[in-house]
2 protein chains.
Amino acid sequence: MSIEKPRKSEIARNRILEAARRIFADDGYEHATIRAIAAEASINPSMVIRYYGSKEGLFAAVAKMDLKVASLAGVPVAQLGEALVGHALDRWDDPKDGAALAAMMRASISNEAARERIVAQFSEQVAGLFATMGPAAVQAAPFIATQMLGLAMARYIWRVPSIAALPKDLVVKQIGKAVQRYLDDAAEQQRKIL
Amino acid sequence: MSIEKPRKSEIARNRILEAARRIFADDGYEHATIRAIAAEASINPSMVIRYYGSKEGLFAAVAKMDLKVASLAGVPVAQLGEALVGHALDRWDDPKDGAALAAMMRASISNEAARERIVAQFSEQVAGLFATMGPAAVQAAPFIATQMLGLAMARYIWRVPSIAALPKDLVVKQIGKAVQRYLDDAAEQQRKIL
DNA sequence: GCATAATGCAAACAATCGTTTACTTTTTCA
DNA sequence: TGAAAAAGTAAACGATTGTTTGCATTATGC
């Protein structure tokens, strides 16, 4: 009971944000209209502008998320591959995080400003994570990134039937193995250098 | 000297097509405007409509390309991984094919109709290729697809610095190895079943 | 309780886009 | 050569979009 005074329309704000998350995720940034978001939130389009400043401001509010990579801190190196893939699928299968990820993914492809911002944001978080795992992980990171990004695109954005239909545990096992091998290969190569 | 009579504006048609290819590839389907394409082709926007019917018709003309997978027919199974990756990079590094691929990739994400058409078209060509390589390849195909698609997205669409900067031969070697392992794993698993 | 500020809405604004129309210029060919 | 067809242009149409404006309604705090 301290700084929660000026709130009554917080409900409307959240309704707008939820609608925006869904529509940005499903339709992409350019296809999503403020009118459609306002309609889904049962409010006037002008209120969306008043609360979030602009369409870009609204998207920025939706795109605020981190990859929660901290939870991968204590994983043994030998299980890192499956852990990485499992964690990524958990993010994508979570309704809120998944929608935000899809919205960001789509926007980063259709909008140049969003692309630069999101690529930088992801690169930083991923680089930070891999830096804690030693030089071998840093070396393997770009290759692992291509595998993880491709999995996300094929399964959740393109929804390629033969990939989207695969059971989660099979994906974790198979692609986790591939990721693990990128790590192991890099580790061995590092050992040779010494 | 037979059926090439009614042609004088073929030059304009090709200028339009080249401009469309570049702009669709760089800006994506929704961001690309007929006005911008016409301007780059030094022609009036109405001519674009007259020659190609509509914006969608123009895009369809740009998106006509095949993956040229026939050239992978005689490759020994043990070198298929590197061959697949090398071939993909060759397509993407080719100016014309690369632009068409980028245009299709972008459109398949922003446009639902394009997505269905392109996913189906790619799935068919890829399935046809892998079917000639036996049941193990068919089983490994979805996983290989995630790796190849992710490589293309990261290197040519997102242009992630740490991935776009990698020398081509290193990419072929490292990711080719991962693709090869998907094939080998599937082959071994097939052997176990028997 | 009442002034004030926040919340809400309808309507219009201004810009952009795909496409159409009306018209002129150029090319083609019998 | 000269008439018909093709190629080309300028301008406008109609729809959609993000955003602004003006005004009503509701909640808040003294």
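Throughout, protein chains are lettered first and strands after them, A, B, ... in sequence-line order, and every chain is numbered starting at 1. Quick caveat: nothing in here was measured; it's all calculated off a predicted structure.
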Problem - Partner set under side-chain hydrogen bond (donor to acceptor under 3.5 Å, both in side chains) for A/E18, not counting sequence neighbours - result: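 Applying side-chain hydrogen bond (donor to acceptor under 3.5 Å, both in side chains) to A/E18 gives none.
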Practice task
For B/R15, check side-chain hydrogen bond (donor to acceptor under 3.5 Å, both in side chains) against everything at least two apart and list the hits.
Solution key: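 Result, side-chain hydrogen bond (donor to acceptor under 3.5 Å, both in side chains) vs B/R15: none returned.
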Mind checking if [X] touches a base, just sugar-phosphate, or nothing, with heavy atoms under 4.0 Å?
| X | result |
| --- | --- |
| A/Y52 | nothing |
| A/A38 | nothing |
| A/A36 | nothing |

Whole angstroms only, please: what is the [atom1]-[atom2] distance between [X] and [N]?
| X | N | atom1 | atom2 | value |
| --- | --- | --- | --- | --- |
| A/E10 | C/dA6 | CD | P | 14 Å |
| A/H31 | C/dC17 | NE2 | P | 14 Å |
| A/F59 | D/dG18 | CZ | C1' | 16 Å |
| A/I11 | C/dG8 | CD1 | C1' | 14 Å |
| B/I43 | D/dA6 | CD1 | P | 16 Å |
| A/E30 | D/dT16 | CD | P | 18 Å |

Handout entry: Linked hydrophobic residues, B/I34 as query - side chain contacts closer than 4.5 Å
Key =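 B/I34 clusters with B/I16, B/L17, B/I23, B/F24, B/Y29, B/I37, B/I43, B/M47, B/V48, B/I49, B/Y51, B/Y52, B/L58, B/F59, B/V62.
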Practice task
Answer yes or no: does a side-chain N or O of B/Y51 lie under 4.0 Å from OP1 or OP2 of D/dA6?
Solution key: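 False: B/Y51 side-chain N/O out of range (4.0 Å or more) of D/dA6 OP1/OP2.
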Considering only residues two or more places apart or on different chains, which pairs with a residue in [range] satisfy salt bridge (charged side-chain N to carboxylate O under 4.0 Å, His left out)?
| range | value |
| --- | --- |
| residues 23-47 of chain A | A/R22-A/D26, A/R22-A/E40 |
| residues 41-52 of chain B | none |
| residues 141-152 of chain B | none |

Problem - the helix from C/dG1-D/dC30 to C/dA30-D/dT1: angle between end helix axes, five pairs per end, rounded to 10 degrees - result: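 The angle separating the two end axes equals 10°.
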Handout entry: Atom pair CD (B/E112) and NE2 (A/H31), whose distance is rounded to the nearest 0.5 Å
Key =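 Atom-to-atom, B/E112:CD and A/H31:NE2 are 10.0 Å apart.
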Any carboxylate oxygen within less than 4.0 angstrom of a Lys/Arg side-chain nitrogen, looking at [X] and [Y]?
| X | Y | result |
| --- | --- | --- |
| A/K168 | A/D90 | yes |
| B/D94 | B/K68 | no |
| A/D184 | A/K177 | no |

Practice task
Using heavy atoms and a sub-4.0 Å distance, could you list which residues of residues 20-28 of chain A are near DNA chain C? By number, please.
Solution key: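 Here the set is empty: none.
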Exercise for the section: Tell me which residues in residues 103-117 of chain A put a heavy atom below 4.0 Å from DNA chain C, sorted by number, or none. Expected result: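 Within residues 103-117 of chain A, no residue comes under 4.0 Å of DNA chain C.
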Are any protein N/O atoms closer than 3.5 Å to N/O atoms in nucleotides 19-24 of chain D? If there are, list each pair with its distance.
unit_1, atom_1, unit_2, atom_2, d
D/dT19, OP2, A/K55, N, 2.8

Exercise for the section: Find out whether A/L183 and A/F143 are in side-chain contact, i.e. whether some heavy atom of one side chain is under 4.5 Å from a heavy atom of the other. Expected result: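 Of all side-chain heavy-atom pairs linking A/F143 with A/L183, none is under 4.5 Å.
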Problem - Contact check, side chains of A/M105 and A/L149, non-hydrogen atoms, under 4.5 Å - result: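 Touching, per the 4.5 Å side-chain cut-off.
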List the atom pairs, donor and acceptor, that lie under 3.5 Å between side-chain atoms in residues 150-167 of chain A and the rest of the protein, sequence neighbours left out.
unit_1, atom_1, unit_2, atom_2, d
A/R155, NH1, A/I163, O, 3.2
A/R155, NH1, A/L166, O, 3.0
A/R155, NH2, A/L166, O, 3.2
A/Y156, OH, A/D93, OD1, 3.0
A/W158, NE1, B/S108, OG, 2.7

Throw together a table of side-chain donor-acceptor distances under 3.5 angstrom for residues 125-138 of chain B, partners on residues two or more places apart or in other chains.
unit_1, atom_1, unit_2, atom_2, d
B/Q125, OE1, B/L67, N, 2.9
B/T132, OG1, B/L129, O, 2.6

